[in-house]
Undergrad: 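There's a structure below that I have some questions on.
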Amino acid sequence: MSYDNNNIFAKILRGELSAVTVYEDDATLAFMDVMPQSPGHTLVVPRYPAENLFDLDLTAGAAVLRTVQLVARAVKTAFNADGIMLNQFNGPAAGQTVFHFHIHIVPRYENVPLRRHTGDMEDSAVLQEQAQRIRAELARPGA
Ligand code: 5GP
């Protein structure tokens, strides 16, 4: 499969579809997953047009990992998570449903099961409030 410029995340990156953004820089964008597996579930994508790990430019990959670390710290604090799970799927057989490389940041709690992957849509007002908590944490001096 080759990279499809019309995938959902490419449209979000071009501003053709809206997303609840928590962080962006020259190389990456982080936004709320609309079907969160846990409150605070965030996605980080490179601006670089890679379908998956195998066609990802490594400079773009390094930028993604930097953003993942930054945002994961903020999510962990903002949602008082016991741990943070990162998920990254390559190919339909591995569970990938959107074909632009991305890393999931998912807050986890002791003995709390996850909601289903691509399960129920979250209310947009809830996502906005959660994103605000993450942005506030990112803006905190020393965070
Ligand atoms: P994948 O299955 O490819 O690893 O993950 C794709 C993720 O994108 C899923 O967790 C799904 O909930 C999320 N998703 C699907 N469509 C949209 C959308 O239009 N906007 C946002 N923000 N997330 C989406």
Side-chain angles (χ1 to χ4, degrees), residues 1-139 143:
M1 213 156 105
S2 60
Y3 184 80
D4 173 9
N5 268 312
N6 285 318
N7 74 74
I8 294 167
F9 295 168
K11 288 182 179 178
I12 288 174
L13 282 164
R14 289 196 296 270
E16 294 167 12
L17 280 179
S18 64
V20 182
T21 299
V22 296
Y23 174 85
E24 65 181 307
D25 59 27
D26 287 351
T28 66
L29 182 69
F31 51 94
M32 306 308 291
D33 193 306
V34 287
M35 292 171 261
Q37 290 189 262
S38 172
H41 183 166
T42 308
L43 301 168
V44 178
V45 301
R47 296 191 188 277
Y48 182 91
E51 183 185 330
N52 58 36
L53 178 69
F54 304 114
D55 60 344
L56 180 66
D57 169 81
L58 289 184
T59 301
V64 168
L65 203 55
R66 179 189 170 280
T67 298
V68 166
Q69 188 185 59
L70 192 74
V71 174
R73 275 198 190 113
V75 168
K76 186 171 189 298
T77 307
F79 289 86
N80 201 21
D82 295 328
I84 291 288
M85 182 177 79
L86 301 182
N87 280 342
Q88 196 278 309
F89 306 132
N90 300 283
Q96 186 176 11
T97 58
V98 178
F99 298 96
H100 180 108
F101 180 89
H102 53 280
I103 295 182
H104 298 255
I105 296 173
V106 185
R108 298 298 309 264
Y109 303 88
E110 299 291 348
N111 303 317
V112 177
L114 282 182
R115 293 182 208 149
R116 205 156 51 81
H117 177 58
T118 64
D120 296 332
M121 286 276 282
E122 186 54 275
D123 192 70
S124 141
V126 171
L127 293 180
Q128 292 285 355
E129 185 274 329
Q130 293 176 343
Q132 184 48 38
R133 283 160 66 182
I134 299 169
R135 285 194 295 264
E137 195 51 45
L138 285 167

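Hydrogens, waters and symmetry mates play no part in the numbers below; they use all other heavy atoms, side chains included. Just so you know, ligand 1 is whichever comes first in the structure, and atom 1 is the first atom listed for that ligand.
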Undergrad: So which pairs with a foot in residues 38-71 pass ring pair (Phe, Tyr, Trp, His ring centres under 6.0 Å), sequence neighbours left out?
TA: His41-His104

Undergrad: For the 3.5 Å polar cut-off, considering only N or O atoms, please tell me whether Phe89 and ligand 1 meet it.
TA: no

Undergrad: Return the closest protein heavy atom for atom 15 (C) of ligand 1 as residue, atom name and distance.
TA: Met35 CE, 3.8 Å

Undergrad: Please answer whether the main-chain N or O of Arg115 pairs with a side-chain N or O of Gln37 as donor and acceptor at a distance below 3.5 Å.
TA: yes

Undergrad: Atoms of ligand 1 less than 4.0 Å from Phe31 heavy atoms?
TA: 22 (N)

Undergrad: Find all atoms of ligand 1 within a distance of less than 4.0 Å from any non-hydrogen atom belonging to His102, and give their numbers and elements.
TA: 1 (P), 3 (O), 4 (O), 5 (O), 6 (C)

Undergrad: Which is it for Phe9 and ligand 1 at heavy atoms under 4.0 Å: side chain, backbone, both or neither?
TA: side chain

Undergrad: Heavy atoms, side chains only, cut-off 4.5 Å: are Phe9 and Leu43 in contact?
TA: yes

Undergrad: Is ligand 1 under 4.0 Å from a heavy atom in the side chain of Phe99, in the backbone, in both, or in neither?
TA: neither

Undergrad: Taking both backbone and side-chain atoms of Gly95, is any N or O found less than 3.5 Å from an N or O belonging to ligand 1?
TA: yes

Undergrad: Taking non-hydrogen atoms only, is His117 closer than 4.0 angstrom to ligand 1 via side chain, backbone, both or neither?
TA: side chain

Undergrad: Answer with yes or no after comparing the ring centroid distance for His100 and Tyr3 against a 6.0 Å cut-off, counting only values under it.
TA: yes

Undergrad: What are the two closest heavy atoms between Tyr109 and Asn80, and how far apart are they?
TA: CE2-O, 3.3 Å

Undergrad: Decide, yes or no, whether a salt bridge links Arg133 with Glu129 under the criterion of side-chain N to carboxylate O below 4.0 Å.
TA: yes

Undergrad: Shortest non-hydrogen contact from Thr67 to Ala30?
TA: CG2-CB, 4.3 Å

Undergrad: Judged on heavy-atom distance to atom 21 (C) of ligand 1, which of Val34, Thr97, Val45, Thr21 sits nearest?
TA: Val34

Undergrad: Measure the distances from the heavy atoms of Val20 to every atom of ligand 1 and state whether one is below 4.0 angstrom.
TA: no

Undergrad: Count the heavy atoms belonging to other residues, nucleotides or ligands that lie under 6.0 Å from CG of Asn5, then report whether that count exceeds 12.
TA: yes

Undergrad: Enumerate the atoms of ligand 1 whose separation from the nearest heavy atom of Gln96 is less than 4.0 angstrom.
TA: 2 (O), 3 (O)

Undergrad: Where's the contact between Leu17 and ligand 1, heavy-atom distance under 4.0 Å: side chain, backbone, both or neither?
TA: neither

Undergrad: Hey, is ligand 1 close enough to His104 that some N/O pair sits below 3.5 Å?
TA: yes

Undergrad: Nearest protein heavy atom to atom 12 (O) of ligand 1, by residue and atom, and its distance?
TA: Asp33 OD1, 2.5 Å

Undergrad: Applying a heavy-atom cut-off of 4.0 Å, say which part of Gln37 lies close to ligand 1: side chain, backbone, both or neither.
TA: neither

Undergrad: Write out the residue and atom name of the closest protein heavy atom to atom 22 (N) of ligand 1, then the distance separating them to 0.1 Å.
TA: Met32 O, 2.9 Å

Undergrad: Checking contacts here: is it the side chain or the backbone of Ile8 that comes within 4.0 Å of ligand 1, counting heavy atoms only? Could be both or neither.
TA: side chain

Undergrad: Any sub-3.5 Å donor-acceptor pair from Glu24's side-chain atoms to Leu29's backbone N or O?
TA: no

Undergrad: State, yes or no, whether a side-chain contact exists between Phe101 and Asp55 at a heavy-atom distance under 4.5 Å.
TA: no

Undergrad: By side-chain contact (heavy atoms from CB on, under 4.5 Å), which residues pair with Glu16, not counting sequence neighbours?
TA: Lys11, Arg14

